[in-house]
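Just so it is clear, the values below take in all heavy atoms, side chains as well, and ignore hydrogens, waters and symmetry mates. Convention: sequence-line order gives letters A, B, ...; per-chain numbering from 1. Please read these numbers as outputs of a predicted model, since none were measured by experiment.
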Amino acid sequence: METWSTATIQAFRHALLTWYDQEGRDLPWRHDHDPYHVWVSEIMLQQTQVNTVIPYYQRFMAAFPTVTALARASEPDLLKAWQGLGYYSRARNLQRAARQIVDDYHEEWPRTAASLQDLSGIGPYTASAIASIAFGQVVPAVDGNAFRVFARLLKIDADIAQPKTRQLFTEIIQPIVDPQRPGDFNQAIMDLGSSYMTAQKSDPAHSPVRAFDASWRTGTVDQYPVKTKKPRPKLVPYYGLIIHAPAGYLLVQRTRQQMLAGYWSYPLVPQAELQDPEATAPATLTADLATLHQRWAADYQIPATFAPLGGAPVSHTYTHQRWQVKLLVATLTKTPPLTFYPGKWVPAAEIAALPLPKVQEKMMTRWAQRQAAAKQ
DNA sequence: GAGGCGTGGAG
DNA sequence: TCTCCAAGCCT
């Protein structure tokens with residue numbers, strides 16, 4: 001890898017910040033340096049693209065304008081505000097941290113990266129981003145952009161998928177951060193990483209810091225950063241149970257221990273709990289249904305008789321799982337009480353008011369299409 | 001330290 | 001349809 005002299009570092013800062021002053025993006029959370037604004041935006045931006053975040057950020061600030069308002073928000077309101085943004089534990093951690101700030105810190109924010117990390121959901125990157133942008137601490141904010149940009153500029157060979165590599169990059173970047181404008185420096189690196197120095201289809205030849213780009217100079221841009229790949233998502237087959245009664249549809253709230261915690265969906269039964277999940281033969285489905293009828297009647301006190309909706313399973317892919325949901329429909333003429341089951345009957349018109357994950361929207365869309373087709 | 005945790009866009 | 005990627009954190 002390359003190393004830079006003091007003169008090179010100063011020239012780099014100047015080139016970077018001159019470009020940033022002219023071409024830096026005007027984003028809603030850049031209108032001031034309020035730590036609440038910086039913090040909420042940084043949490044939303046974790047693993048999420050800027051264009052996706054903007055409308056969520058604006059709605060969130062309208063709904064929860066202060067850290068106190070966020071601390072007092074109801075969980076359904078919070079989850080509804082986060083619906084569709086993904087990584088839903090971020091929302092819960094955000095409110096937990098808001099309550100820490102109000103209750104434990106009396107709304108006096110920690111001002112250093114080290115102390116900010118004591119708040120829920122704030123790790124090394126987010127702590128450094130807030131500390132530098134809101135409070136002017138001279139620390140590098142080492143995110144995916146910083147990894148990629150400096151790996152290319154300096155031809156750093158360390159595998160950025162390895163957690164220990166963060167320390168190396170932090171030590172390399174620390175003396176490069178502009179001590180006069182650390183927050184702008186970090187944001188400029190991010191803008192660079194999302195424009196000229198993107199992961200794919202980058203344009204290093206026109207970058208404002210191309211003179212400092214060792215990988216471009218040597219024609220090895222595509223070799224950086226070094227990053228080992230993650231395994232493919234695992235197939236997880238489910239039955240999705242569309243059960244409707246005079247009082248509405250049966251929806252269940254996912255538990256704290258499950259993914260999509262707190263969000264509502266049709267009951268989902270892992271096919272693994274029934275028959276061979278790999279088998280798709282009609283006979284297997286029939287056997288499954290018999291089991292399902294029995295179990296549903298016994299466990300949940302609901303006399304449901306399920307019929308396959310047909311068509312391809314609803315498919316939804318997460319980072320680590322690929323769900324294939326076979327939809328089954330049961331129509332009940334009376335509404336059974338839900339004595340032992342953690343769900344509720346929801347009138348069709350009221351479902352959209354609940355916090356719903358994407359896979360539930362897909363299942364509802366499929367069911368609506370089928371009903372529309374049946375009317376033809 | 002490896003794996004869990006969502007969604008949408010680009011090619 | 002499939003693959004990879006996008007301002008990570010938690011356990």
> Is there a residue in residues 47-54 of chain A whose heavy atoms reach under 4.0 Å of DNA chain C, and which residues are they?
Replying inline: Q47(A), Q49(A), V50(A)
> Under 3.5 Å, is there a donor-acceptor pair between the side chain of S265(A) and the main chain of Q360(A)?
Replying inline: no
>> Under the rule for side chain to side chain donor-acceptor pair (under 3.5 Å), what residues qualify as partners of S132(A), not counting sequence neighbours?
In response: N186(A)
With 3.5 Å as the limit, what N/O pairs link the protein to nucleotides 3-5 of chain B?
residue : atom : partner : partner atom : Å
dC5(B)  : OP2  : H320(A) : NE2          : 2.3

>> Under the rule for ring-ring contact (aromatic ring centres under 6.0 Å, His included), what residues qualify as partners of Y56(A), not counting sequence neighbours?
In response: none
> Is any NZ, NE, NH1 or NH2 atom of the basic residue among E2(A) and R217(A) found under 4.0 Å from an Asp or Glu carboxylate oxygen of the other?
Replying inline: yes
> Whole-Å distance between dG6(B) C1' and R92(A) CZ?
Replying inline: 14 Å
>> Taking I43(A)'s backbone N and O only, do any of them form a donor-acceptor pair with R90(A)'s side chain (distance below 3.5 Å, no angle check)?
In response: yes
> Using the C1' atom in both, what is the distance from dG8(B) to dC10(C), to the nearest Å?
Replying inline: 24 Å
> R254(A) CZ to dG6(B) C1': how many Å, rounded?
Replying inline: 12 Å
> Is R72(A) salt-bridged to D77(A), cutoff N-O under 4.0 Å?
Replying inline: no
> Do R30(A) and D184(A) meet the salt-bridge criterion of a basic N to acidic O distance under 4.0 Å?
Replying inline: no
> Parallel, tilted or perpendicular for F12(A) and F185(A), by the 30°/60° rule?
Replying inline: perpendicular
>> Using a 4.0 Å cut-off on heavy atoms, which residues in residues 137-164 of chain A reach DNA chain C? List them by number, or say none.
In response: D143(A), G144(A), N145(A), R148(A)
>> Is it the case that the side chain of Q271(A) and the backbone of Y238(A) share a donor-acceptor pair, with hydrogens and angles ignored and the cut-off at 3.5 Å?
In response: yes
> Side chains of D26(A) and H31(A): donor-acceptor distance under 3.5 Å anywhere?
Replying inline: yes
> Listed by chain and number, what are the side chain to side chain contact (heavy atoms under 4.5 Å, CB included) partners of K155(A), not counting sequence neighbours?
Replying inline: A214(A), S215(A), T218(A), T220(A), Y224(A)
>> Give me the distance, rounded to whole Å, that separates dG9(B) from dC9(C) when you measure between the C1' atoms they each carry.
In response: 23 Å
>> Tell me whether the count of non-hydrogen atoms from other residues, nucleotides or ligands lying under 6.0 Å of CG in D32(A) goes above 12.
In response: yes
>> Using a strict heavy-atom distance below 4.0 Å, which residues from residues 109-134 of chain A are in contact with DNA chain C?
In response: S120(A), G121(A), I122(A), G123(A), P124(A), Y125(A), T126(A)
>> Using atom P in both nucleotides, what's the gap between dA7(C) and dG4(B) to the nearest angstrom?
In response: 23 Å
>> Counting the benzene-type ring for Trp, do W216(A) and H206(A) have ring centres under 6.0 Å apart?
In response: no
> Less than 6.0 Å separating the ring centroids of W345(A) and Y249(A)?
Replying inline: no
>> Please evaluate residues R256(A) and E75(A) with respect to the criterion salt bridge (Lys or Arg N to Asp or Glu O under 4.0 Å), reporting the C-alpha separation (whole Å), side-chain torsions for both, the decisive distance (0.1 Å), and the verdict.
In response: CA-CA 12 Å; R256(A) 202 52 63 93; E75(A) 178 164 304; 3.5 Å; yes
>> It should be established whether H316(A) places a side-chain nitrogen or oxygen under 4.0 Å from OP1 or OP2 of nucleotide dT7(B).
In response: yes
>> Applying a 4.0 Å non-hydrogen cut-off, can you work out what R96(A) is touching in the nucleic acid: base, sugar-phosphate, or nothing?
In response: nothing
> Taking it one step at a time, do Y318(A) and H316(A) satisfy ring pair (Phe, Tyr, Trp, His ring centres under 6.0 Å)?
Replying inline: CA-CA 7 Å; Y318(A) 301 97; H316(A) 189 73; 4.7 Å; yes
>> Once side chain to side chain contact (heavy atoms under 4.5 Å, CB included) is applied, do any residues pair with I9(A), and if so which ones, sequence neighbours excluded?
In response: W4(A), R13(A), I176(A)
> Can you list, by residue number, the residues of residues 73-83 of chain A that have a non-hydrogen atom closer than 4.0 angstrom to DNA chain C?
Replying inline: none
>> So does S74(A) get a backbone contact from the side chain of Q95(A), meaning a donor-acceptor N/O pair under 3.5 Å?
In response: no
>> Quick check with a 6.0 Å cut-off and a 45 degree axis cone: is K362(A) positioned over the face of W367(A)'s six-membered ring?
In response: no
>> Is the distance from the ring center of F150(A) to that of F169(A) below 6.0 Å?
In response: no
> Which residues within residues 197-208 of chain A lie with some heavy atom under 4.0 Å of an atom in DNA chain C?
Replying inline: A199(A), Q200(A)
> Under a criterion of less than 4.0 angstrom to any heavy atom of chain A, what are the 5'-terminal and 3'-terminal contacting nucleotides of DNA chain C?
Replying inline: dC2(C) to dC10(C)
Donor-acceptor pairs under 3.5 Å, side chain of residues 116-126 of chain A to any protein atom, not counting sequence neighbours: which ones?
residue : atom : partner : partner atom : Å
S120(A) : OG   : Q100(A) : OE1          : 3.2
Y125(A) : OH   : E42(A)  : OE1          : 2.6
T126(A) : OG1  : Q46(A)  : NE2          : 3.0

